[in-house]
Amino acid sequence: MATEIEVTLADGRTCGVPEGATLAEVLHLVKPPKYRQVVAAKQNGKVVDLSAPAQPGDHVAFLSFDDEEGREVFRHSSTHIMAHAVQDLFAGAKITIGPPLAEGYYYDFDYKRPFTEADLEAIEQRMQEIIAADHPFVRQEVPRQEAIALFQARGETYKVEMLEQLAEDTVSLYREGDFVDLCRGPHVRSTGQIPAVKLLSVAGAYWRGDERNPMLQRIYGTSYPSAKQVREHLQRLEEAKKRDHRLLGRQLGLFLTDERAGAGLIYWLPKGATLRKVIERFWEDEHVRRGYQLVIIPHIARDVLFRTSGHYDYYRDNMYVLEIDSDEYVLKPMNCPGHILIYQSRRHSYRELPIKFAELGTVYRYERSGALHGMLRVRGFTQDDAHIFCTPEQVHEEIDKVLQFALEMLRTFGYENFQIELSVRDPEHPEKYAGSDAEWLMAERALGAGLDKLGIPAKRQEGEAVFYGPKIDIKMLDALGRGWQGPTIQFDFNLPKRFNITYVGSDSQEHHVVMIHRTTLGSMERFIGGLTEHYAGAFPTWLAPVQAKVLTITDRHIPAAQRVLDALLAAGVRAEGDFRNEKVSLKVREAQIEQVPYMFVLGDQEMAAGSVALRHRRAGHLGVFAVDAAIARLRQVIDCRTNSEEVTANQSDRT
RNA sequence: GCCGGCGUAGCUCAGGGGUAGAGCAACUGAUUCGUAAUCAGUAGGUCGGGGGUUCAAUUCCCUUCGCCGGCUCCA
């Protein structure tokens with residue numbers, strides 16, 4: 001009998017196993033629930049193969065698809081199976097890299113021709129065969145030189161390139177069947193552990209993401225422990241497609257683009273413009289309330305302005321340059337230089353600071369044609385921009401206010417979950433940055449302290465700051481859990497010096513201001529595009545382009561319905577009448593499809609009683625109300641800017 | 001910009017070397033109806049633009065514009 005060693009399991013139990021036993025053997029000894037689905041293990045905090053040997057005193061946790069780390073292993077193994085299938089079917093296809101993603105995986109191949117949809121089906125078929133063969137994944141550690149020789153012999157030039165750049169002397173290979181890949185691992189036990197795979201799309205991708213490198217073929221796929229979960233995944237994709245703002249934008253009449261106008265330029269249709277105006281008015285009111293001053297600047301400026309700012313040198317490729325009277329002008333790609341001119345229209349005392357200029361400022365930036373995407377990535381867009389000019393002493397308070405303001409704005413629009421990133425400078429290379437050590441220290445501290453007060457965890461990203469100052473980016477997570485770039489708060493140590501933006505301090509001396517750029521929504525285009533998807537087109541009542549529709553049962557109800565419509569309009573409700581000679585069911589259906597929150601239905605009974613039958617797009621029939629009561633109820637729902645679909649009349653104002 | 005796909009009626013889509021079809025929408029008429037589609041009829045397209053091959057191009061080729069999926073980048 002071999003000596004026993006003891007390992008501790010995730011639930012705190014200890015377990016004696018024979019010396020030299022693998023974690024797979026430990027697993028079989030312990031047989032936790034669903035042990036067949038265990039794909040890997042966490043050994044003293046490190047994710048490893050189940051074939052790894054147990055060591056005395058180990059802390060062992062078993063991982064399955066339900067654990068994030070287990071899922072990564074699962075998807076990573078899936079990508080090997082895909083690469084295996086591709087090489088079986090397409091001789092000469094070279095393997096490169098194939099990582100797991102949040103919802104699936106991809107693998108990049110170099111092949112003489114692009115893969116087609118039909119190829120994907122064949123590859124998927126072949127994957128099923130590899131899965132059915134249930135090849136074990138075998139880890140092998142070899143000297144780097146030996147691995148180079150192996151991949152050279154197989155013609156895998158990308159793998160050789162990767163190996164030549166690795167520092168390690170020993171590297172790990174994973175084999176399953178006759179497929180071998182350079183890989184850190186770990187992997188599932190055998191190909192049979194991945195029962196359900198689905199390939200989704202092919203796309204070009206540069207080797208190492210660099211456009212000077214060869215274009216590879218990237219195949220995207222996903223995989224799950226069951227076919228049912230794959231089906232659900234595909235259903236989620238369908239669901240997301242229905243929410244696509246480009247689709248909803250057309251269906252709901254929000255915006256259009258037209259090739260006669262040019263790519264990436266948004267035309268706001270009446271309904272979209274209404275939605276945008278409601279948001280803009282709210283935005284302006286909230287800014288004025290908080291001491292911002294609204295300003296307006298022209299859309300073009302002489303090149304000098306953008307040469308002074310430095311944009312002309314650093315940002316030239318993204319700027320539209322015009323010639324007017326043999327002078328060069330640029331279409332503004334940023335609002336800041338304009339706001340600086342306004343600040344500099346007179347001298348400012350420290351007593352006046354902070355000065356905060358806000359503007360829904362439209363900017364134009366050249367974006368490569370392939371980057372354009374609906375309203376989310378365009379060439380002309382309106383930033384909800386503001387610039388804060390303040391003293392170093394005021395920085396903390398201003399940052400706190402801005403952060404709080406930004407989150408209040410987002411919560412108003414129904415975003416409750418955020419990812420916050422704090423980008424600070426790379427401490428190794430202080431020379432890359434504008435601004436002094438003291439300035440950076442002050443700014444990074446203010447941003448960090450502001451975040452701490454909010455109690456929302458932020459991801460600190462060393463070296464991710466732009467050269468002119470540290471910043472906070474807030475990503476909001478929508479109803480489907482997708483992230484949208486929202487507010488950004490950026491310090492700028494560059495422009496105050498370039499423009500010599502100063503204030504007169506209590507010492508009568510001129511000092512450079514501290515300048516903070518910030519947006520709360522990002523841009524109107526991107527924000528409303530994202531918002532459309534977030535609400536799936538069913539905007540809350542305060543935002544809905546049409547808040548109520550008055551529906552008649554027959555023509556004889558038109559005069560009464562017209563009076564109700566007039567009353568709604570007089571109460572400031574965005575209402576429309578549908579007095580056509582059609583069945584109510586048709587009118588209801590169309591109003592539902594248009595996502596109109598409230599329907600006021602009038603028939604004989606209502607006409608006689610001076611009432612309306614109230615219907616809500618989700619809650620359905622709400623009952624019969626006196627006209628005034630129904631309007632008052634609607635008014636209250638609008639005024640409280642609620643995100644919930646139907647509220648009781650006494651719900652209090654949340655803002 | 002690059003790789004791949006796509007562009008046919010307002011929308012969704014079918015078709016295909018011999019100059020085009022469906023559903024919905026629109027329009028006209030009938031119907032006057034109680035909460036997600038009443039019935040019938042009519043009209044609608046230089047098949048994204050330009051060039052080429054061909055007796056003949058919407059179909060094949062080239063080019064250009066736009067859109068989609070990615071790479072890259074960002075509000």
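Here is the naming used below: chain letters follow the sequence lines, and residue numbers restart at 1 for every chain.
Checking A:Asp258 against A:Tyr267 by side-chain atom types alone, no donor-acceptor pair falls below 3.5 Å. Residues A:Arg618 and A:Gln595 have side chains that bring a donor and an acceptor to within less than 3.5 angstrom of each other. Counted by atom type alone, A:Glu533 and A:Trp484 present zero donor-acceptor pairs between their side chains at under 3.5 Å.
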Can you build the contact string for nucleotides 2-10 of chain B? Use B for base contact, S for sugar-phosphate-only contact, and - for no protein heavy atom under 4.0 Å. BBS------
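With both ends at atom P, the span from B:U28 to B:U12 equals 25 Å, rounded to whole Å. B:A57 and B:G1 have their C1' atoms separated by 32 Å, with the value rounded to a whole Å. Comparing B:G15 with B:G21, their C1' atoms sit 7 Å apart, to the nearest whole Å. With C1' as the reference atom, B:C73 and B:C24 are 40 Å apart, rounded to whole Å. Comparing the C1' positions of B:C13 and B:C47 gives an interatomic distance of 13 Å, to the nearest angstrom. For the C1' atoms, the distance from B:U72 to B:C61 is 32 Å, rounded to whole Å. Taking atom P in both B:A43 and B:U8, the straight-line distance is 24 Å, to the nearest Å. Across the P atoms, B:G23 and B:U42 are found 12 Å apart, a figure rounded to whole Å.
Atom P of nucleotide B:U32 and atom CG of A:Leu551 are separated by 20 Å, given to the nearest angstrom. Across the protein-nucleic acid pair, A:Glu211 atom CD and B:G70 atom C1' stand 14 Å apart, rounded to whole Å. If you take CG of A:Leu372 and C1' of B:C65, they are 13 Å apart, rounded to a whole angstrom. For A:Lys241 and B:C68, the NZ to C1' distance is 11 Å, given to the nearest whole Å. B:A30 atom P lies 17 Å from atom CZ of A:Arg580, rounded to whole Å. Atom-to-atom, CD1 of A:Ile474 to P of B:A75 comes out at 14 Å; the value is rounded to the nearest Å. With rounding to whole Å, A:His373 atom NE2 is found 15 Å from B:U72 atom C1'. In this structure, A:Phe109 places its CZ atom 16 Å from P of B:C71, rounding to the nearest Å.
Nucleotide B:C73 is matched to nothing when pairs are restricted to Watson-Crick or G-U wobble geometry with both distances under 3.5 angstrom. Base pairing of B:U38: its partner is B:A30, meeting the Watson-Crick or G-U wobble criterion (both donor-acceptor distances under 3.5 Å). B:C67: Watson-Crick or G-U partner is B:G5, with both key distances under 3.5 Å. In this entry B:A22 has B:U12 as its Watson-Crick or G-U wobble partner, both defining distances falling under 3.5 Å. Both distances falling under 3.5 Å, in either a Watson-Crick or a G-U wobble arrangement, occur for no nucleotide opposite B:U53.
By the criterion of a centre-to-centre distance under 5.5 Å and near-parallel planes under 30°, the ring of A:Phe381 forms a stack with the base of B:A75.
A:Val363 comes within contact range of no nucleotide atom at all, as no heavy-atom separation falls under 4.0 Å. The residue A:Gly529 sits apart from the nucleic acid: no heavy atom pair falls under 4.0 Å. Among the protein residues, A:Arg218 comes within range of the sugar-phosphate backbone only, with heavy atoms under 4.0 Å from sugar or phosphate atoms but none that close to a base. Nucleic acid contact for A:Gly264: sugar-phosphate only, since backbone atoms but no base atoms lie under 4.0 Å from a heavy atom of the residue. Nucleic acid contact for A:Tyr366: sugar-phosphate only, since backbone atoms but no base atoms lie under 4.0 Å from a heavy atom of the residue. Using a 4.0 Å heavy-atom criterion, one finds that A:Tyr106 contacts no nucleic acid atom at all.
Proximity of the aromatic rings of A:Tyr105 and A:Tyr107 is defined here by a centroid distance below 6.0 angstrom, and this criterion is not met. Proximity of the aromatic rings of A:Phe90 and A:Phe115 is defined here by a centroid distance below 6.0 angstrom, and this criterion is met.
The minimum heavy-atom distance between A:Leu565 and A:Gly577, with the atom names listed, is CD2-N, 3.8 Å.
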Dump the pairs, protein N or O against N or O of nucleotides 34-40 of chain B, anything under 3.5 Å, distances to one decimal.
{"residue": "B:G34", "atom": "O6", "partner": "A:Asp604", "partner atom": "N", "Å": "2.9"}
{"residue": "B:G34", "atom": "O6", "partner": "A:Gln605", "partner atom": "N", "Å": "3.2"}
{"residue": "B:G34", "atom": "N1", "partner": "A:Glu606", "partner atom": "OE1", "Å": "2.7"}
{"residue": "B:G34", "atom": "N1", "partner": "A:Glu606", "partner atom": "OE2", "Å": "3.3"}
{"residue": "B:G34", "atom": "N2", "partner": "A:Glu606", "partner atom": "OE1", "Å": "3.3"}
{"residue": "B:G34", "atom": "N2", "partner": "A:Glu606", "partner atom": "OE2", "Å": "2.5"}
{"residue": "B:U35", "atom": "O2'", "partner": "A:Arg615", "partner atom": "NH1", "Å": "2.7"}
{"residue": "B:A36", "atom": "O4'", "partner": "A:Arg589", "partner atom": "N", "Å": "3.3"}
{"residue": "B:A36", "atom": "N6", "partner": "A:Gln592", "partner atom": "NE2", "Å": "3.0"}
{"residue": "B:A37", "atom": "N9", "partner": "A:Arg589", "partner atom": "NE", "Å": "3.4"}
{"residue": "B:A37", "atom": "N7", "partner": "A:Arg589", "partner atom": "NE", "Å": "3.4"}
{"residue": "B:A37", "atom": "N7", "partner": "A:Arg589", "partner atom": "NH1", "Å": "3.0"}
{"residue": "B:A37", "atom": "N7", "partner": "A:Arg589", "partner atom": "NH2", "Å": "3.3"}
{"residue": "B:A37", "atom": "N6", "partner": "A:Arg589", "partner atom": "NH2", "Å": "2.6"}
{"residue": "B:A37", "atom": "N1", "partner": "A:Arg589", "partner atom": "NH2", "Å": "3.0"}
{"residue": "B:U38", "atom": "O4", "partner": "A:Glu582", "partner atom": "OE1", "Å": "3.4"}

One pair to check against salt bridge (Lys or Arg N to Asp or Glu O under 4.0 Å): A:Glu398 and A:Arg518. What are the steps and the verdict? CA-CA 11 Å; A:Glu398 289 308 312; A:Arg518 43 109 292 182; over 6 Å; no
Check the pair A:Gln490 / A:Thr488 against side-chain hydrogen bond (donor to acceptor under 3.5 Å, both in side chains), numbers first and verdict last. CA-CA 6 Å; A:Gln490 311 190 343; A:Thr488 166; 3.3 Å; yes
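Taking the nucleotide of RNA chain B with the nearest heavy atom to each of A:Leu247 and A:Asp258, the more 5' of the two is matched to A:Leu247. The residue among A:Gly262 and A:Arg250 whose nearest nucleotide of RNA chain B lies closer to the 5′ end is A:Arg250.
Look at A:Arg246 and you'll find a side-chain N or O under 4.0 angstrom from OP1 or OP2 of B:C68. Checking the phosphate oxygens (OP1, OP2) of B:C73, no side-chain nitrogen or oxygen of A:Arg379 falls inside 4.0 Å.
Classified by interplanar angle (parallel below 30°, tilted 30° to 60°, perpendicular above 60°), the ring pair A:Tyr320/A:Tyr366 is perpendicular. Under the 30°/60° scheme for interplanar angles, the aromatic rings of A:Tyr220 and A:Tyr106 are found to be tilted.
A side-chain hydrogen bond (donor to acceptor under 3.5 Å, both in side chains) with A:Thr362 is found for exactly one of A:Thr382, A:Asn335, A:Asp385, namely A:Thr382. With respect to A:His287, the ring pair (Phe, Tyr, Trp, His ring centres under 6.0 Å) criterion is satisfied by exactly one of A:Phe282, A:Tyr292, A:Phe357: A:Tyr292.
For A:Arg556, the listed nucleotide lying nearest its side chain is B:C33; candidates were B:C33, B:G1, B:A75.
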